[in-house]
> 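Quick one: the structure is below, and I'll ask about it shortly.
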Amino acid sequence: MGLELIIFIIAVLFGIFLYWRESNGNGAYRMLNKIVNSKELQMASDSKKGFIYQQAFLPRLIFVVTIVLIAALIVEFLTPISVFGSYNGISAFSSFAAGSLLGTYLANIVLKSSKVIEAQSESLEDKFENVVEKGKDFIEDLKTRDSKIVEEIDEVVKETPKPKADDKSARDRLKDKGLM
């Protein structure tokens, strides 16, 4: 299990590397497109589409599994390691393919989010300044509201009648009535 986890992590990093490399340039895909397709069917010159970059799930899956299969066949025939001869080899193969595919999607998320952040960085600064100004206005409003409340409380206290000092206490009144 430990070896499979290491293989999976390496595969994720490999998938990220594949996606990043192809996002910078798609020369191999263009060359294959020129060889396979006629002039009318070739991709546009401004298209950035590649084997992995800007592809749907199935073509991306096919390409990643094909690359991993070719690598596994090379390891199988050039080294004494038997990739397809045991359960562990097949498990490592499938783990590497799944990790590479996951890595391509992780790289896609990171690249898209960084482009969005770059595009909106100025508007984010404006929004942040706007939020700060609204916060200052809100605090100022709370301060003025608090002072108004204090003034209203002072007015209510002034308007309430104060008990007269010469009135008898409740004890004295009960004594006068003879109840005590």
Side-chain angles (χ1 to χ4, degrees), residues 1-37 39-68 70-71 92-162:
M1 184 66 184
L3 183 61
E4 280 187 16
L5 186 62
I6 292 170
I7 289 172
F8 186 77
I9 292 170
I10 291 171
V12 169
L13 294 174
F14 177 71
I16 290 171
F17 173 74
L18 277 178
Y19 191 87
W20 171 77
R21 183 70 189 115
E22 198 165 83
S23 70
N24 289 334
N26 59 353
Y29 189 77
R30 282 190 182 285
M31 183 180 69
L32 183 68
N33 190 353
K34 285 183 181 179
I35 292 171
V36 173
N37 295 327
K39 192 77 166 171
E40 301 86 34
L41 297 176
Q42 288 179 4
M43 62 192 281
S45 61
D46 61 339
S47 177
K48 296 189 115 201
K49 192 175 203 178
F51 291 108
I52 296 174
Y53 187 69
Q54 294 181 346
Q55 283 286 1
F57 175 72
L58 283 178
R60 192 180 290 196
L61 174 70
I62 290 169
F63 178 70
V64 167
V65 170
T66 303
I67 284 182
V68 173
I70 290 170
F93 169 77
S94 61
S95 180
F96 198 86
S100 297
L101 190 63
L102 179 68
T104 62
Y105 280 101
L106 287 175
N108 182 17
I109 291 170
V110 169
L111 286 178
K112 280 189 179 181
S113 64
S114 65
K115 287 179 183 176
V116 168
I117 289 172
E118 273 183 29
Q120 294 187 359
S121 64
E122 292 178 10
S123 65
L124 288 175
E125 291 172 5
D126 295 338
K127 288 178 184 177
F128 182 72
E129 289 175 6
N130 190 15
V131 167
V132 169
E133 290 300 321
K134 284 183 181 179
K136 288 179 181 177
D137 293 342
F138 180 71
I139 291 173
E140 192 64 37
D141 187 36
L142 285 177
K143 287 179 181 177
T144 58
R145 194 178 296 164
D146 287 344
S147 64
K148 288 179 184 177
I149 291 173
V150 169
E151 290 173 3
E152 289 176 6
I153 290 174
D154 288 341
E155 289 176 14
V156 169
V157 168
K158 289 179 184 176
E159 291 175 0
T160 55
K162 294 183 181 178

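The shown structure was predicted, so the numbers you read here are calculated from the model rather than taken from an experiment.
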> With sequence neighbours left out, what residues match Phe57 under side-chain contact (heavy atoms from CB on, under 4.5 Å)?
Leu61, Leu101, Tyr105
> Would you please name every residue forming a ring-ring contact (aromatic ring centres under 6.0 Å, His included) with Phe63, sequence neighbours left out?
Phe51
> Side-chain contact test, heavy atoms from C-beta onward, threshold under 4.5 Å: evaluate it for Val110 versus Trp20 and give yes or no.
no
> Hey, could you give me the CZ/OG1 distance between Phe17 and Thr104, rounded to the nearest 0.5 Å?
14.0 Å
> On a heavy-atom basis, which atom in Gly103 and which in Ile16 lie closest, and how many Å separate them?
O-CG1, 3.3 Å
> Just how far is it from atom CG of Leu102 to atom CZ of Phe8, taken to the nearest 0.5 Å?
5.0 Å
> With sequence neighbours excluded, tell me which residues meet side-chain contact (heavy atoms from CB on, under 4.5 Å) with Ala11.
Phe96, Ser100
> Mind checking side-chain contact (heavy atoms from CB on, under 4.5 Å) for Val132 and listing every partner two or more places apart, or none if nothing turns up?
Phe128, Lys136
> Identify, with sequence neighbours excluded, every residue that meets side-chain contact (heavy atoms from CB on, under 4.5 Å) alongside Ile62.
Thr66
> Which heavy-atom pair separates Val64 from Ala97 by the least distance, and what is that distance?
CG1-O, 3.7 Å
